[in-house]
Amino acid sequence: MTHPDASAAAPPPTIPERPGLEGLEDKWDVAWEDRGTYRFDRTVDREDVFSIDTPPPTVSGSLHVGHVFSYTHTDTIARYQRMAGREVFYPMGWDDNGLPTERRVQNYFGVRCEPSLPYDPDFSAPADSGDPKAIKKRGDIDISRRNFIDLCHVLTAEDEKAFEALFRRLGLSVDWSQHYATIDERCQRTSQRAFLRNLTRGEAYQVEAPSLWDVTHRTAVAQAELEDRERPGAYHKLAFHLPEGTTGPDGSGDLQIATTRPELLAACVALVAHPDDGRYQPLFGGNVTTPVFGVKVPILAHELADPEKGTGIAMICTFGDTTDVTWWRELDLDVRAIVNRDGRINPEPPQGIASDAGLAAYARLAGKTMFSAQVEIVEILRETGELVGEPTPITHPVKFFEKGDKPLEIVTSRQWYIRNGGRDADLRAALIARGDEMAWHPAYMQTRYTNWIDGLNGDWLISRQRFFGVPLPLWYPLDTEGEPDHDHPIVPDEADLPVDPSSDAAPGYAESQRGRPGGFVGDTDVMDTWATSSLTPQIACGWEEDDDLYARTYPMDMRPQAHDIIRTWLFSTAVRSHFEADTAPWGHCALSGWILDPDRKKMSKSKGNVVTPVDLLDQHGSDAVRYWAANGRPGTDTAFDDGQMKIGRRLGIKILNASRFALGFGADGDAPLEIDPAAVTEPLDRAMLLHLADLVHEATKAFEEFDYARALERTETWFWAFTDDHVELVKSRAYEGSPADAESARHALRLAISTLLRLFAPFLPFVTEEVWSWWRGGSVHRQPWPTAEELRATAASKGEDPVDPAVSGVAADALAEIRRHKTDAKRSLATPVVSCTVTDTAERIALLHLVSDDVAAAARATSIELVEGDALSADVELEPPSE
RNA sequence: GGACCGUUAGCUCAGUUGGCUAGAGCGCUCGCCUCACACGCGAGAGGUCACUGGUUCGAGUCCAGUACGGUCCACCA
């Protein structure tokens with residue numbers, strides 16, 4: 001089965017007088033679409049398919065240079081694989097599911113998602129959408145989740161059109177008939193189905209437990225979404241009181257505790273020190289009374305306590321950080337929660353505070369934000385004299401949700417989790433072993449995967465208290481009191497997916513029973529974005545939707561992505577495939593680096609240094625931008641450098657001109673340009689083809705190792721030497737040599753151009769296609785990748801002595817030596833040479849004899865005398881300058 | 001605190017199992033309108049290969065360590 005673009009007959013040559021790069025992007029994008037050049041042929045068997053799990057970019061605004069960079073890398077590999085004979089499955093997705101889109105939709109339409117509202121089929125976007133003033137005047141409109149999602153579709157559709165246009169312009173050889181959006185119905189169905197399968201197999205579970213909570217977005221978040229930010233803080237030393245007759249390490253009746261979060265004092269449930277810490281050993285098992293609130297708490301030992309930190313003894317609060325959670329769980333402590341989901345101190349005091357003074361103090365804190373509460377508690381501590389000394393300012397890292405702007409709190413809530421090895425050594429080992437089933441490019445990236453799994457300390461929290469995401473496909477029965485029974489969730493039939501429990505009634509119930517005693521309630525949570533995007537292989541390959549496609553494409557061959565999301569996207573995808581298919585999701589992971597500023601900082605929107613991709617493509621042309629991108633080696637961060645783009649542009653122009661020249665010989669008739677291996681007879685031509693064979697070998701090897709950058713670098717270097725040396729050496733012969741000699745040069749040049757166009761095609765798809773169209777049929781992008789064997793066979797097909805490839809270098813060196821004389825004499829290279837003697841070693845002179853006519857012609861000498869000597873030198877007499 | 005990556009000409013980077021006087025492009029200097037290309041062609045200057053030890057006949061290349069830069073993770077009382 002061959003694509004029509006591969007087998008089309010060559011037309012009569014049409015070589016433009018002054019070829020240019022302008023307009024090639026639009027011309028060829030249209031042609032490729034019309035001809036279905038990149039359309040996936042789904043009749044091809046699995047072993048001949050190369051399937052790519054394209055990263056779906058986040059749809060919330062615009063693409064940036066980093067996308068251009070890494071998507072180009074993927075495309076070079078896709079194009080190579082296609083030419084190497086594999087049918088490439090190269091879909092594109094959009095990740096429009098999640099918080100960033102939610103925010104935009106809220107602001108743009110002036111709406112707020114209220115999950116308790118039923119779906120309104122007659123709802124349409126407010127007329128004043130996009131008008132911030134009008135929206136501010138009227139206020140936000142509450143709408144149901146399904147209506148909200150409809151609006152998300154409206155807005156993201158616009159972005160997605162722009163994204164597709166940009167990627168087409170960039171020349172990605174994506175099959176645009178294969179695309180998905182993570183919020184579309186198919187993705188929701190796949191996502192819910194996978195969750196239900198996890199649930200059935202016990203891989204998904206819910207639990208009421210302390211978890212990380214972002215107060216800004218009022219949602220739980222996962223470990224993978226955390227980041228540290230340096231924040232100012234202060235150590236506060238607090239005096240805790242030992243029982244009568246007991247003394248602490250300093251001989252007094254008080255214990256000093258250092259804390260950066262004194263506002264959590266009311267939540268203190270214990271003190272903890274290291275079991276080996278002699279200072280506190282005598283006190284373990286005893287009690288202490290908290291300052292201000294007068295609550296009696298135990299003094300305990302735990303090896304996570306660090307004798308070096310603070311005073312060596314810490315207060316455990318429910319909950320100040322994740323270590324508190326560990327201590328609370330392992331030491332079986334009380335809960336004395338005081339922080340609510342808004343990040344404020346609860347109005348009601350926790351159990352255990354009983355004294356009038358304690359209750360009065362708590363009342364002063366109730367309802368305050370963390371910041372205000374800290375100010376207030378310090379004031380209270382001063383009043384009671386229990387603040388020891390003054391707070392010591394420090395700067396310390398604080399955990400944030402990566403999309404949040406207030407520090408994370410820890411709040412107890414009921415959440416859904418998917419097991420990921422964070423609490424199960426066997427699963428952890430199995431997932432780490434999955435890493436060995438994939439080839440990592442570059443190989444050291446696997447370490448990041450392994451390290452991340454090794455460092456997990458909990459399962460994957462997938463429920464989010466948000467709206468624009470795939471809903472958890474669950475309902476809960478209500479008892480006679482109207483309380484939900486979370487232990488017996490109601491699940492939908494897979495045939496009914498996707499469902500929205502906030503607008504669809506639970507199976508077996510009527511909508512009228514929603515919220516009624518004896519009725520049901522829908523789960524209002526959505527799943528984490530990653531819970532859907534971790535299923536891109538299943539989504540793209542048609543898992544449970546299109547068995548035939550799935551069988552031909554899954555597991556996939558390659559996952560390209562950036563290295564910073566190994567911990568999220570890559571890992572979570574491995575988890576889902578492990579559970580669902582008992583396999584690694586891909587054979588290869590190709591990791592791209594980042595784009596850096598000229599000052600080596602990561603480019604980001606917030607720094608305001610982003611160059612828009614459209615401007616780049618306009619200014620330099622797509623091939624030139626791709627050239628820059630393809631020079632970024634796998635996994636390596638690369639500086640933004642428009643100088644490289646200019647070089648890429650020059651390369652494109654050089655390809656046009658060199659091709660025009662090389663193909664121009666004999667291109668004046670109506671007959672197609674032939675490439676006849678038997679016509680290639682001259683030593684220099686045959687040697688050139690041997691070198692070209694080496695290049696093909698090297699470029700192929702590099703591509704097979706996913707090292708597109710090496711393939712480009714070698715091809716480019718070879719090409720420039722080819723135009724500077726070989727073309728110069730043979731041009732006279734091609735013009736005016738004897739018929740046989742001229743034909744040798746011409747056919748060799750055509751073969752070289754045909755080969756080079758194919759080698760460059762993955763990088764510069766537009767210019768190579770343009771030149772291909774001058775004289776060959778079909779698309780260059782569907783041609784077979786060149787092989788070293790065919791070139792070597794052509795070079796050797798004369799049945800004569802094998803040619804020594806060293807003749808190329810000997811000839812080029814001799815020519816360079818003569819050129820140097822002309823340059824030193826400040827004369828034009830066109831200056832005729834009256835007489836010339838070239839001296840070189842005996843071995844090289846022997847080779848030079850084979851090609852001296854070509855050297856002489858290129859040097860503008862009628863003949864060259866060859867002399868054996870120690871090293872290369874030339875004695876040149878130039879024609880005197882004319883007056 | 002742990003891990004990974006990097007440190008080669010002014011700039012961006014090659015240098016693949018250790019092997020002749022360390023390479024390319026850009027930039028710079030000088031020259032050249034040579035019938036494909038002046039968006040070009042030719043020539044040239046420019047480097048103690050971060051540092052310190054070690055292995056070796058021989059190290060940019062291997063080993064140990066140091067410094068600096070970057071990233072991830074852990075801790076963060």
Side-chain angles (χ1 to χ4, degrees), chain A residues 15 17-21 226 228 230-231 233 235-238 256-262 271-273 304-306 308-317 320-324 394-399 442 444-452 454-457 563-564 566-567 593-594 596 598 600-602 628 631-633 635-641 643-644 646-647 649-664 698 701-702 705 707 709-710 713-714 716-717 720 723-724 727-728 731 735 815-816 819-831 858 860:
Chain A
I15 300 174
E17 201 48 43
R18 283 198 67 84
L21 298 173
L226 306 186
D228 286 349
E230 285 291 331
R231 283 296 140 114
Y235 276 127
H236 302 71
K237 270 192 192 166
L238 278 45
Q256 289 183 10
I257 305 291
T259 179
T260 56
R261 300 203 61 184
L271 299 188
V272 66
L304 276 182
D306 183 350
E308 302 297 316
K309 289 208 176 114
T311 56
I313 185 164
M315 67 173 187
I316 303 175
C317 302
D321 60 34
T322 52
T323 315
D324 279 344
I394 56 161
T395 302
H396 62 155
V398 177
K399 281 195 197 315
Y444 63 76
M445 289 294 180
Q446 189 181 353
T447 308
R448 299 199 183 185
Y449 172 83
T450 304
N451 285 352
W452 170 252
D454 264 335
L456 288 170
N457 53 33
H563 59 66
D564 56 330
I566 289 174
R567 65 176 184 168
W594 285 332
L596 305 177
R600 306 255 91 193
K601 300 276 189 251
K602 187 188 176 188
W628 159 74
N631 268 296
R633 306 193 100 75
T636 305
D637 295 346
T638 298
F640 177 81
D641 183 359
Q644 282 295 108
K646 290 179 180 145
I647 296 163
R649 185 173 177 81
R650 276 180 227 179
L651 175 61
I653 293 166
K654 191 76 172 179
I655 289 171
L656 288 174
N657 285 316
S659 301
R660 174 173 119 70
F661 181 61
L663 301 174
E698 205 171 0
K701 183 164 170 283
E705 291 164 359
D707 194 350
R710 175 183 299 275
E713 184 220 327
R714 296 304 152 95
E716 183 192 8
T717 301
W720 284 103
T723 58
D724 290 344
V727 173
E728 291 299 325
K731 67 164 44 165
Y735 267 124
L815 178 60
R819 281 170 174 167
R820 185 175 298 113
H821 278 84
K822 295 185 180 179
T823 296
D824 289 349
K826 302 194 175 183
R827 302 290 301 281
S828 159
L829 295 186
T831 308
R860 300 286 175 117

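Being a predicted model, the structure only gives us computed values, none of them experimental. Numbered from 1 within each chain, the chains take letters A, B, ... in sequence-line order.
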In this structure, how many angstroms lie between the [atom2] atom of [N] and the [atom1] atom of [X], rounded?
X         : N      : atom1 : atom2 : answer
Trp594(A) : G70(B) : CH2   : C1'   : 9 Å
Asp454(A) : C4(B)  : CG    : C1'   : 14 Å
Ile655(A) : G40(B) : CD1   : C1'   : 16 Å
Gln644(A) : A14(B) : CD    : P     : 11 Å
Asp637(A) : C5(B)  : CG    : C1'   : 9 Å
Glu728(A) : U34(B) : CD    : C1'   : 8 Å
Asp641(A) : U12(B) : CG    : P     : 9 Å
Lys826(A) : U34(B) : NZ    : C1'   : 19 Å

Using the [atom1] atom as the point on both nucleotides, what is the distance between [M] and [N], in whole Å?
N      : M      : atom1 : answer
C28(B) : A9(B)  : C1'   : 12 Å
C4(B)  : C63(B) : P     : 13 Å
C30(B) : G18(B) : C1'   : 39 Å
C37(B) : U29(B) : C1'   : 24 Å
G25(B) : C20(B) : C1'   : 25 Å
U52(B) : U8(B)  : P     : 16 Å
A45(B) : C13(B) : P     : 26 Å
G58(B) : A43(B) : P     : 37 Å

I need the [X] [atom1] to [Y] [atom2] distance, nearest 0.5 Å.
X         : Y         : atom1 : atom2 : value
Leu651(A) : Leu656(A) : CG    : CG    : 10.0 Å
Ile647(A) : Asp641(A) : CD1   : CG    : 7.0 Å
Asp707(A) : Glu698(A) : CG    : CD    : 10.5 Å
Met315(A) : Ile257(A) : CE    : CD1   : 8.0 Å

Looking only at side-chain N and O atoms, does [X] come under 4.0 Å of OP1 or OP2 in [N]?
X         : N      : result
Arg710(A) : A14(B) : no
Arg261(A) : C76(B) : no
Lys654(A) : C41(B) : yes

Look through every strand shown and name the nucleotide pairing with [N] as Watson-Crick or G-U wobble, where both distances are under 3.5 Å.
N      : value
A50(B) : U66(B)
C76(B) : none
A24(B) : U12(B)
G42(B) : C30(B)
U71(B) : A3(B)
G19(B) : C57(B)

Determine the contact category for [X]: base if any of its heavy atoms lies under 4.0 Å from a base atom, sugar-phosphate if only primed atoms, P, OP1 or OP2 are that close, otherwise nothing.
X         : value
Thr259(A) : sugar-phosphate
Ile313(A) : base
Thr323(A) : sugar-phosphate
Lys822(A) : nothing
Ile647(A) : sugar-phosphate
Ala305(A) : base

Closest listed nucleotide, where the reference is the side chain of [X] and the choices are [options]:
X         : options                : result
Asp824(A) : C75(B), C41(B), A43(B) : A43(B)
Asn451(A) : C75(B), C35(B), A3(B)  : A3(B)
Ile653(A) : A43(B), A14(B), C39(B) : C39(B)
Arg714(A) : C4(B), G15(B), C37(B)  : G15(B)
Arg567(A) : C5(B), C76(B), C72(B)  : C72(B)
Arg633(A) : A43(B), A3(B), A14(B)  : A14(B)
Lys309(A) : C76(B), G42(B), U12(B) : C76(B)
Trp452(A) : C76(B), U12(B), C73(B) : C73(B)
Arg650(A) : U71(B), U34(B), G27(B) : G27(B)

- Query: Would a distance-only check, ignoring hydrogens and angles, find a side-chain to backbone donor-acceptor pair under 3.5 Å from Thr260(A) to Gly233(A)?
  - Reply: no

- Query: Taking side chain as C-beta onward, heavy atoms only, is Thr311(A) less than 4.5 Å from Lys237(A)?
  - Reply: yes

- Please evaluate the base of C75(B) for a donor-acceptor partner in the side chain of Asp228(A) within a cut-off of under 3.5 Å? yes

- Do the rings of Trp594(A) and His563(A) sit parallel, tilted or perpendicular, given the 30° and 60° boundaries?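 Because their plane-to-plane angle lies in the 30° to 60° range, the rings of Trp594(A) and His563(A) count as tilted.
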
- Message: Would you say that more than 12 heavy atoms from the other residues, nucleotides or ligands in this model lie under 6.0 Å from the NZ of Lys822(A), or not?
- Response: yes

